[in-house]
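Taking it in order: structure first as structure tokens, then the write-up.
In what follows, every heavy atom counts, from backbone to side chain, and hydrogens, waters and symmetry copies are set aside. Just so you know, these numbers come straight off a predicted model, no measurement behind them. Order of the sequence lines sets the chain letters (A, B, ...), proteins ahead of strands, with each chain counted from 1.
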Protein chains: 6
Amino acid sequence: MIEKQLWFEEIIRKALEEDLGPGDCTTDAIIEPGARGKAVLEAREEAVLAGLHVFTKVFQALDPEMEFEYHYRDGQVVSSGGTICRVSGSFRAILTAERTALNFLQRMSGIATITREYVARAGKGKAKILDTRKTAPGLRLLDKYAVRMGGGHNHRMGLFDCILIKDNHIAAAGSIGEAVNLAKKNAPHTLKVEVEVEDLKGIEEAIRAGADMILLDNMRPEEIREAVRLARGRVILEASGGITLKNIGEIAGTGVDYISVGALTHSVRAVDLSLEVIKED
Amino acid sequence: MIEKQLWFEEIIRKALEEDLGPGDCTTDAIIEPGARGKAVLEAREEAVLAGLHVFTKVFQALDPEMEFEYHYRDGQVVSSGGTICRVSGSFRAILTAERTALNFLQRMSGIATITREYVARAGKGKAKILDTRKTAPGLRLLDKYAVRMGGGHNHRMGLFDCILIKDNHIAAAGSIGEAVNLAKKNAPHTLKVEVEVEDLKGIEEAIRAGADMILLDNMRPEEIREAVRLARGRVILEASGGITLKNIGEIAGTGVDYISVGALTHSVRAVDLSLEVIKED
Amino acid sequence: MIEKQLWFEEIIRKALEEDLGPGDCTTDAIIEPGARGKAVLEAREEAVLAGLHVFTKVFQALDPEMEFEYHYRDGQVVSSGGTICRVSGSFRAILTAERTALNFLQRMSGIATITREYVARAGKGKAKILDTRKTAPGLRLLDKYAVRMGGGHNHRMGLFDCILIKDNHIAAAGSIGEAVNLAKKNAPHTLKVEVEVEDLKGIEEAIRAGADMILLDNMRPEEIREAVRLARGRVILEASGGITLKNIGEIAGTGVDYISVGALTHSVRAVDLSLEVIKED
Amino acid sequence: MIEKQLWFEEIIRKALEEDLGPGDCTTDAIIEPGARGKAVLEAREEAVLAGLHVFTKVFQALDPEMEFEYHYRDGQVVSSGGTICRVSGSFRAILTAERTALNFLQRMSGIATITREYVARAGKGKAKILDTRKTAPGLRLLDKYAVRMGGGHNHRMGLFDCILIKDNHIAAAGSIGEAVNLAKKNAPHTLKVEVEVEDLKGIEEAIRAGADMILLDNMRPEEIREAVRLARGRVILEASGGITLKNIGEIAGTGVDYISVGALTHSVRAVDLSLEVIKED
Amino acid sequence: MIEKQLWFEEIIRKALEEDLGPGDCTTDAIIEPGARGKAVLEAREEAVLAGLHVFTKVFQALDPEMEFEYHYRDGQVVSSGGTICRVSGSFRAILTAERTALNFLQRMSGIATITREYVARAGKGKAKILDTRKTAPGLRLLDKYAVRMGGGHNHRMGLFDCILIKDNHIAAAGSIGEAVNLAKKNAPHTLKVEVEVEDLKGIEEAIRAGADMILLDNMRPEEIREAVRLARGRVILEASGGITLKNIGEIAGTGVDYISVGALTHSVRAVDLSLEVIKED
Amino acid sequence: MIEKQLWFEEIIRKALEEDLGPGDCTTDAIIEPGARGKAVLEAREEAVLAGLHVFTKVFQALDPEMEFEYHYRDGQVVSSGGTICRVSGSFRAILTAERTALNFLQRMSGIATITREYVARAGKGKAKILDTRKTAPGLRLLDKYAVRMGGGHNHRMGLFDCILIKDNHIAAAGSIGEAVNLAKKNAPHTLKVEVEVEDLKGIEEAIRAGADMILLDNMRPEEIREAVRLARGRVILEASGGITLKNIGEIAGTGVDYISVGALTHSVRAVDLSLEVIKED
């Protein structure tokens with residue numbers, strides 16, 4: 001869906017507005033309006049790329065004629081020192097848009113890169129890596145797109161596209177069974193129902209009530225393995241809470257279907273990319 | 001400036017819209033519209049708090065009558081296990097706004113917390129810690145506010161409130177001196193001029209051209225110390241590039257005035273905060 | 001979700017702006033700014049009410065102090081001649097907001113009223129009445145809320161919260177099985193999969209591929225009955241296409257789970273409501 | 001004025017946003033990003049077309065290169081089975097935009113079609129058919145454009161471009177004469193004044209006060225005929241209230257100048273149009 | 001219509017955003033967040049006031065609790081040295097909003113003040129003073145409101161609420177008569193028709209074609225007097241073009257109905273008002 | 001920065017919306033949709049041009065294909081009678097956009113023209129002419145751009161890009177010295193500090209506290225001359241308050257660095273420009 005401009009045009013405009021305000025006082029004072037420039041986008045560390053469309057659109061918001069020659073696509077790995085793309089167009093626009101464009105790309109590629117690492121550590125089994133709703137405010141769709149580029153999968157986009165019954169909902173309803181009943185009665189039948197359980201005895205109750213998915217909250221690997229055994233394939237199982245690069249391999253080995261990792265998006269490390277600008281002769 | 005609502009009302013609305021879409025299908029199905037709820041916000045690790053105003057406003061966007069009883073203020077340190085505030089109001093609103101409110105607060109407090117650590121490591125000398133423009137798109141003002149709450153200082157807010165002449169500007173102008181001249185001639189005199197230099201010989205040239213500040217780009221501690229000696233207090237000096245928790249102490253010891261750290265905002269680790277929700281009897 | 005203001009505040013503002021433009025030239029010329037007024041909202045035909053919250057908010061956009069005394073709630077039936085509510089506040093605001101407020105309420109109540117009729121004709125069996133995405137542009141959430149108030153149920157809110165594989169998707173994928181496979185592979189596992197089939201042989205293929213729901217497109221009652229028999233309860237069945245008040249009873253009798261009716265929202269008849277305005281003494 | 005994009009760009013964007021949300025999960029999963037498609041827009045019943053520009057713009061919001069080959073223009077009649085246009089472009093964009101584009105076009109053509117029927121039934125006399133302000137919230141300009149395409153005429157666009165003194169204004173002012181005086185004194189002289197009268201004795205009073213137009217509210221044909229006689233051509237007369245396809249012919253025969261029909265826009269039946277999509281080889 | 005907030009809330013927000021950007025760096029650094037302040041708004045020259053509601057709303061955008069004690073209302077004359085109102089509330093908000101609030105009020109009062117002077121010079125005859133569409137972009141409604149406060153009247157609000165046939169329209173249509181015919185045929189009958197004529201022979205043609213008003217473009221007083229004679233009260237006459245404080249008296253004496261003056265809004269002199277701020281003890 | 005569209009696209013859209021509302025009823029009724037037109041923009045008095053980019057964009061908002069052939073650039077002087085540019089495109093768009101386009105251009109050129117006059121009267125000395133924040137709400141950036149085109153310089157863009165300590169700040173802090181200290185301590189070091197002083201003894205205090213600039217508020221020429229003597233080049237001096245075309249020469253002769261003139265933007269006289277429209281054959 002990243003090809004569609006509706007979603008990220010507005011966040012790009014907001015990002016440029018907060019950086020430019022009334023204008024780039026340095027560039028406007030020093031660079032001639034008509035000057036042309038070229039730049040090269042390079043990786044200073046190995047990274048999985050995500051957000052090249054957004055990177056492009058940031059520059060084109062200032063110079064619609066800006067041209068890009070890409071050597072990589074989103075989802076591909078660039079090595080340290082690799083040249084990602086060449087940019088040419090208004091020199092002012094290159095200098096003015098640079099930081100905003102990189103802020104998007106470095107964050108998104110950071111998410112893709114760490115996702116790939118979790119995916120790799122999870123191994124070749126069936127367990128898939130999921131994101132969560134712990135994204136930077138305003139950047140949900142971009143953050144989740146980056147997870148996909150890193151080989152992860154998306155959990156629900158928001159509160160609206162999947163029912164996820166948590167402890168507070170269960171407490172309010174009185175029991176897992178009653179909570180699922182209410183959800184099935186009052187919410188559209190077009191939505192799946194996931195139930196968060198904190199111990200093994202919740203699993204059978206959730207399955208009987210008709211849950212499509214069960215979220216195993218903060219369970220130890222041996223508990224998860226037992227949950228897999230109890231579920232007997234009748235329901236999709238997701239492990240969540242306390243997942244790290246260290247323990248994901250063990251958890252993936254339990255036979256669980258999905259492992260969700262909040263850190264993919266709530267604690268992002270920007271990857272080191274650099275735009276080397278060259279003035280045209 | 002965080003007390004003024006103009007700036008963060010819109011980003012709060014956007015954040016809620018991306019999470020709620022057409023509605024919280026789980027909560028709307030299970031919780032009665034009129035139900036009242038209470039919740040307690042707790043720290044699961046030590047943290048410097050930042051963003052409590054924003055946290056409040058997210059809930060009040062859904063329930064304007066939501067009440068908050070704060071035990072801490074922005075900028076204060078809460079210990080692991082500490083109770084930050086008590087919330088009471090519409091139970092639906094508490095459950096629906098929870099994640100969005102925490103996404104803001106955990107990011108902002110993460111920035112404040114790491115900033116405090118850089119400040120502490122810099123020691124009691126005169127060197128102050130600065131942020132950069134490497135912030136999450138759309139969150140610039142919140143990110144920079146959080147840096148202040150952690151004891152750091154803000155570098156320019158954007159491209160508009162301070163002239164910062166970088167290598168590309170210098171290359172285009174022909175020399176440091178010519179770049180500063182163009183800036184002083186063409187930009188408002190109300191703006192300070194900072195010049196980025198990559199070696200020691202740029203310092204004298206920048207000072208003579210009338211720079212107010214010099215950014216020492218990626219210099220080793222001994223170079224910075226020499227720069228301090230050369231400048232003889234005629235100009236404000238800022239060290240930038242490659243700063244880590246490990247080397248900041250040594251750099252602070254060089255006598256430089258400011259040290260800017262991109263990682264404060266480009267690679268944020270969300271602090272672990274938890275909203276424990278309790279249904280009212 | 002209708003209690004939350006985020007969604008309908010904007011459409012109310014747009015609706016008022018298009019009606020008021022630079023101002024109500026008649027009311028502003030004739031009515032004193034400080035005059036107080038009262039009005040009574042009456043039904044001129046039997047109707048299921050929907051949209052009273054919106055009705056209220058339209059007036060309060062012009063006079064935040066406007067007061068309402070409701071005798072009915074959304075979802076209730078008012079008889080012809082019944083008094084729905086009493087309004088009091090700024091006389092100018094009452095006259096200026098009247099038409100916009102009624103345009104919302106009459107459309108929404110029109111949807112609720114016809115929905116109730118479809119529900120009644122479907123009888124006491126298990127078949128539930130569904131809406132579609134054939135709503136007035138910009139009014140999707142209000143239209144779908146009105147369907148619920150009439151006793152109907154909502155199909156998906158948009159293209160994002162349920163996978164619905166139609167003939168064109170199947171043709172592109174090559175077969176029902178392949179289309180479902182692609183959906184399950186590429187879309188989030190948190191989404192249900194519905195498949196539209198045009199004849200009975202598609203049913204088994206869809207079930208085997210793992211569809212959660214099957215949409216029986218434009219089938220005759222006897223075909224639907226046969227589909228129910230073939231499905232043997234393994235999948236949710238929805239009849240769609242060509243449903244009218246005349247044939248819905250027969251279709252409901254086939255044992256199908258859901259019947260979707262585009263006419264609920266694409267061809268709305270506004271119910272006849274009237275605001276009788278009385279100037280205060 | 002439909003050629004100007006300022007007005008309908010925003011409502012198109014809103015309509016797409018409410019339908020697409022975070023994306024078309026079905027099409028994105030099944031159709032390749034680069035796939036090209038073709039489609040044919042066909043009429044399944046005779047209809048007066050209105051909204052082809054809007055139809056075009058909806059698709060082009062997702063694929064600016066989408067191409068259209070139209071066989072009809074707005075205002076023309078297409079027979080059942082007729083091909084209205086051929087569309088070619090991004091296959092994803094065709095599938096994703098289809099429903100939103102049709103929702104606009106089917107509603108607008110529905111308005112044009114019923115308007116033409118009222119116009120036809122009114123006969124060849126001088127009476128012209130008018131719309132009212134009873135339009136769908138947010139769609140006023142599109143609804144009124146559609147009325148013109150069906151051969152009808154527009155009454156005022158909103159509360160701002162013509163003075164229309166109703167019963168409540170008259171009651172507040174004390175008399176028809178006083179209400180007209182206030183309007184002429186306080187409102188811009190550039191606006192015409194219409195007065196709503198409920199019985200024949202109001203007509204002379206309104207004319208003497210200087211009304212440009214008189215709205216005959218809910219009068220029987222014989223009363224309207226008498227009103228025409230009394231007015232002696234000194235004022236424009238408009239019949240309003242309770243107009244149906246059955247009685248419009250008789251009312252048109254009274255000699256009244258205009259007949260306004262709320263049902264043209266408050267109770268729209270979408271015409272049956274279908275977009276048959278074909279994947280390109 | 002100035003009491004309704006819909007219209008000026010947005011322009012106030014824009015004005016504050018362009019002045020505050022990321023914040024008032026001076027006030028935020030020097031004034032404590034909780035400090036209370038008082039201020040007195042004084043006139044430094046005689047002025048007709050306009051815009052006190054807007055003045056209030058600017059401050060309340062930053063401090064909703066700000067209190068105002070007004071000694072004057074819009075449309076009243078304040079003498080030089082007179083105290084217009086007392087303000088009390090957040091001291092930060094007073095200092096930060098001051099300039100934006102004054103920018104609105106000084107411009108609007110400037111318009112009202114010069115309008116009053118034109119009205120006075122026109123004398124006690126029937127000629128009324130009109131504004132034009134030559135207003136500051138984005139401030140149309142405020143500018144026109146200010147004209148009314150100065151005793152002037154509003155010409156049309158925009159291109160939409162009155163037909164004004166100018167020379168270019170006449171040239172395109174072929175003749176005045178044909179232009180009026182086209183307007184009456186194609187535009188809603190609810191709109192008045194004004195025709196701009198450049199010489200006396202156009203007057204009879206316009207009247208015969210059915211114009212409601214005639215704009216006498218750039219005519220000398222004797223021509224206008226002759227126009228009045230020729231029109232014999234059959235049509236409203238408006239003199240326009242080249243009107244100054246010097247010649248308006250003579251033009252008003254011709255018997256023309258309206259005199260429109262572009263300078264009321266296209267060349268505004270801000271009146272001198274001053275907000276004297278006092279910190280609370 | 002005027003080349004970048006982000007800033008003025010929105011104000012152009014707002015300006016067109018307030019003028020066009022639901023449409024140009026005259027032009028739409030009389031001019032054929034497909035008609036082509038040409039027009040010539042002429043000066044009716046000598047003027048410094050500013051805003052030609054904005055002028056262009058207003059027309060192109062209605063007809064993106066509109067073509068312009070410019071004979072002048074912003075900042076150049078056009079004589080009375082001079083042809084500024086030729087426009088060709090949709091005839092409807094030319095007529096509909098004309099007034100809005102001129103409203104921008106006449107105001108901006110008015111600002112540039114008066115600025116040039118102040119600059120000329122200030123003479124060839126070092127004193128530069130500055131604008132203030134007394135701009136029309138919503139038009140700040142355009143007003144300040146126009147000042148530059150007239151040969152003036154910009155003071156700060158808003159409250160955010162330069163510290164300006166005024167009398168109220170000083171009173172709150174207790175002294176000039178304390179106010180400067182607070183500003184230097186609490187505001188970013190990247191901002192310059194200007195202090196407003198009302199008498200000569202404030203000058204030394206401000207310099208000692210570290211002010212970068214001093215605003216001499218409402219001082220007589222002899223005081224300013226004394227201030228220049230006292231400052232001895234240690235600080236930038238700005239004269240402000242009560243500056244007129246009559247006294248600016250004398251003030252410029254005092255040796256002050258900058259002279260700020262509120263009247264440049266708060267009391268603008270639109271220059272007389274005319275768009276002569278010609279229908280294409």
Before giving the answer on side chain to side chain contact (heavy atoms under 4.5 Å, CB included), spell out for F:M157 and B:D161 the whole-Å C-alpha distance, their side-chain angles and the decisive distance to 0.1 Å. CA-CA 9 Å; F:M157 285 294 157; B:D161 58 340; over 6 Å; no
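More than 12 heavy-atom neighbours from other residues, nucleotides or ligands sit within 6.0 angstrom of CD on F:E204.
By the 4.5 Å heavy-atom criterion applied to side chains, B:K192 and F:L191 are not counted as neighbours. When side chains are defined from C-beta on, F:H189 counts as touching B:M213, because their heavy atoms get closer than 4.5 Å.
Using bins of under 30°, 30° to 60° and over 60° for the plane-to-plane angle, the ring pair F:F160/B:F160 lands in the perpendicular bin.
Interface remark: F:D257 contributes no atoms to any contact with chain B (heavy atom separation under 4.5 Å). For F:L130, the part lying near chain B is the side chain, with the backbone staying farther off; criterion is any non-hydrogen pair under 4.5 Å.
Atom CG of residue B:D212 and atom OG1 of residue F:T190 lie 10.5 Å apart, to the nearest 0.5 angstrom.
Within residues 231-238 of chain B, the residues having any heavy atom closer than 4.5 Å to a heavy atom of chain F are B:I236, listed by residue number.
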